[in-house]
Number of protein chains: 2
Amino acid sequence: MNELSHLKSAGLKSTLPRLKVLSLFESGSERHLSAEDVYKKLLASGDDVGLATVYRVLNQFEQAGLLVKHHFEGDKSVFELNQGDHHDHIVCLQCGRVEEFYDATIEQRQKKAAAERGFELHDHSLYIYANCVKPKCQYRN
Amino acid sequence: MNELSHLKSAGLKSTLPRLKVLSLFESGSERHLSAEDVYKKLLASGDDVGLATVYRVLNQFEQAGLLVKHHFEGDKSVFELNQGDHHDHIVCLQCGRVEEFYDATIEQRQKKAAAERGFELHDHSLYIYANCVKPKCQYRN
DNA sequence: ATTACAAATGAGAATGATTAGCATTAGCAT
DNA sequence: ATGCTAATGCTAATCATTCTCATTTGTAAT
Ligand SMILES: [Mn+2]
Ligand SMILES: [Mn+2]
Ligand SMILES: [Zn+2]
Ligand SMILES: [Zn+2]
């Protein structure tokens with residue numbers, strides 16, 4: 001279950017750009033990254049990867065189940081490592097900080113809401129937009 | 001509480017394009033409409049309104065609290081009449097049908113989740129993606 | 001009804017994120 | 001080492017949405 005085997009089992013060649021993108025996410029400095037974020041971080045570390053390639057790789061990784069894609073308020077989508085655990089997100093409207101949470105009751109009730117209305121639930125997206133409070137908010141302070 | 005007073009109280013002039021857009025939503029044929037949807041419907045009914053104006057008016061109406069904007073899966077955003085009641089949405093991945101629902105427990109737990117983590121909840125977006133079942137699904141059938 | 005002026009509109013250009021096309025390069029299996 | 005296919009990196013193209021700016025309208029005061 002290392003990078004290489006992940007790629008292989010997804011039918012993806014082990015190329016330099018893919019390894020770099022993957023290790024960026026696994027380094028864990030920031031969990032939620034946009035394509036632009038990834039692109040810039042790679043440039044900054046001297047690894048030149050084309051922006052188009054970043055987009056392609058991110059989408060392939062999503063398809064392969066390595067990454068999960070989210071659409072926070074705003075235009076650009078963000079990716080995070082898929083660690084098997086589903087969770088939802090609270091996003092600070094001021095500083096952009098993201099906190100993850102999981103609430104079994106909410107999950108439960110969503111299933112129920114869908115079922116009661118004759119839907120077969122496929123998945124869902126839940127984002128809470130809020131303001132984080134003084135000490136943690138990078139905006140206030 | 002008619003169209004005109006709505007516009008006035010929002011500090012918006014009562015113009016032809018605005019009246020037309022508003023009555024489109026109030027006619028209630030379809031609750032959830034994208035800018036493109038609105039534009040095409042107006043064209044179809046012989047009312048020529050520029051696409052840029054449609055976008056402008058929709059956003060002004062949102063600011064004024066007349067409409068609510070949503071971002072269902074996909075790129076384009078949709079608007080619906082604001083009737084005071086908050087609700088969330090189930091979207092059929094096959095036929096695009098949208099059903100609204102409200103679950104007090106879910107709302108409650110979101111507030112709690114935010115509070116427990118030191119956030120002041122501002123709002124949230126919850127979309128359930130699912131497949132609707134035979135009789136209602138415009139896709140199967 | 002006319003006038004006057006700010007606000008609104010419409011057409012098209014500009015933007016920003018994401019994708020497509022294509023010539024060139026690099027994994028990987030002989 | 002060779003060859004072939006998939007992957008990369010540009011650039012150009014899309015798509016939704018916003019911006020610009022010259023022209024038109026709504027409105028409130030003559
Ligand atoms: Mn997350
Ligand atoms: Mn709705
Ligand atoms: Zn914050
Ligand atoms: Zn359906």
Side-chain angles (χ1 to χ4, degrees), chain A residues 2-24 32-43 45-64 66-79 96, chain B residues 2-24 32-43 45-64 66-79 96:
Chain A
N2 50 80
E3 294 87 4
L4 245 152
S5 64
H6 275 158
L7 294 181
K8 274 186 185 161
S9 63
L12 298 171
K13 280 189 187 175
S14 163
T15 69
L16 235 35
R18 296 213 256 242
L19 272 317
K20 285 172 185 167
V21 170
L22 193 45
S23 63
L24 211 190
H32 305 92
L33 298 171
S34 69
E36 191 74 27
D37 291 340
V38 171
Y39 178 66
K40 283 183 184 156
K41 279 190 182 269
L42 291 181
L43 279 195
S45 62
D47 301 310
D48 290 1
V49 177
L51 180 55
T53 300
V54 170
Y55 274 103
R56 267 185 305 240
V57 169
L58 290 176
N59 287 327
Q60 292 160 344
F61 283 3
E62 191 204 359
Q63 244 108 293
L66 282 172
L67 296 180
V68 181
K69 189 197 286 204
H70 299 291
H71 298 85
F72 297 162
E73 194 120 301
D75 24 26
K76 59 186 63 169
S77 42
V78 300
F79 295 80
Chain B
N2 49 80
E3 295 87 3
L4 245 152
S5 65
H6 274 156
L7 294 181
K8 274 186 186 159
S9 65
L12 298 171
K13 279 190 188 173
S14 163
T15 68
L16 236 34
R18 298 213 254 242
L19 271 319
K20 285 173 186 168
V21 169
L22 193 45
S23 63
L24 213 189
H32 305 92
L33 298 171
S34 69
E36 190 74 25
D37 291 339
V38 171
Y39 176 65
K40 284 184 183 155
K41 281 190 181 272
L42 291 182
L43 279 194
S45 63
D47 302 309
D48 290 2
V49 177
L51 181 54
T53 300
V54 170
Y55 273 102
R56 268 185 304 238
V57 169
L58 290 176
N59 287 327
Q60 292 160 345
F61 284 2
E62 192 205 358
Q63 245 108 295
L66 283 172
L67 296 179
V68 182
K69 189 197 286 204
H70 299 292
H71 298 86
F72 297 162
E73 193 119 302
D75 22 29
K76 60 185 62 170
S77 41
V78 300
F79 295 80

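Naming: A, B, ... by sequence-line order, numbering from 1 per chain. It should be emphasised that the depicted structure is a prediction, and the values quoted were computed from it without experimental measurement.
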Using a 3.5 Å limit on both distances, find every run of at least three consecutive Watson-Crick or G-U pairs that involves DNA chain C. C:1-30 with D:1-30

Whole-Å distance separating the [atom1] atom of [X] from the [atom2] atom of [N]:
{"X": "A:Asn59", "N": "C:dT18", "atom1": "CG", "atom2": "P", "result": "9 Å"}
{"X": "B:Tyr39", "N": "D:dA16", "atom1": "OH", "atom2": "P", "result": "13 Å"}
{"X": "B:Leu12", "N": "C:dA8", "atom1": "CG", "atom2": "C1'", "result": "10 Å"}
{"X": "A:Glu36", "N": "C:dT15", "atom1": "CD", "atom2": "C1'", "result": "14 Å"}
{"X": "A:Leu7", "N": "C:dA26", "atom1": "CG", "atom2": "P", "result": "18 Å"}
{"X": "A:His71", "N": "D:dA16", "atom1": "NE2", "atom2": "P", "result": "14 Å"}
{"X": "A:Lys8", "N": "C:dA29", "atom1": "NZ", "atom2": "C1'", "result": "12 Å"}
{"X": "B:Arg18", "N": "C:dA7", "atom1": "CZ", "atom2": "C1'", "result": "8 Å"}

Below 4.0 angstrom from OP1 or OP2 of [N], is there any side-chain N or O of [X]?
{"X": "B:Ser77", "N": "D:dT17", "value": "yes"}
{"X": "B:Lys13", "N": "C:dA8", "value": "no"}
{"X": "A:Thr15", "N": "D:dA6", "value": "no"}

So do [Y] and [X] actually touch side chain to side chain, heavy atoms under 4.5 Å?
{"X": "A:Asp48", "Y": "A:Leu42", "answer": "no"}
{"X": "A:Arg18", "Y": "A:Leu7", "answer": "yes"}
{"X": "B:Val68", "Y": "B:Phe79", "answer": "no"}

Closest approach of B:Val21 and B:Phe61, non-hydrogen atoms and distance? CG1-CE2, 4.1 Å

Provide the closest heavy-atom pair for A:Thr53 versus A:Pro17 in the form atom of the first, atom of the second, distance. CG2-CB, 4.0 Å

Ignoring hydrogens and angles, tell me if any N or O in the side chain of [X] forms a donor-acceptor pair with the backbone of [Y] under 3.5 Å.
{"X": "A:Asp47", "Y": "A:Leu43", "answer": "no"}
{"X": "A:Ser23", "Y": "A:Leu19", "answer": "yes"}
{"X": "B:Ser45", "Y": "B:Lys41", "answer": "yes"}

Using the test side-chain contact (heavy atoms from CB on, under 4.5 Å), find all partners of A:Leu16 that sit at least two apart in sequence or belong to another chain. A:Lys20

Which nucleotide in the list C:dT18, D:dT18, D:dG9 gets nearest to the side chain of A:Lys76? C:dT18

Residue-level proximity of residues 47-58 of chain B to DNA chain C when a heavy atom falls under 4.0 Å: B:Asp48, B:Val49, B:Gly50, B:Ala52, B:Thr53, B:Arg56

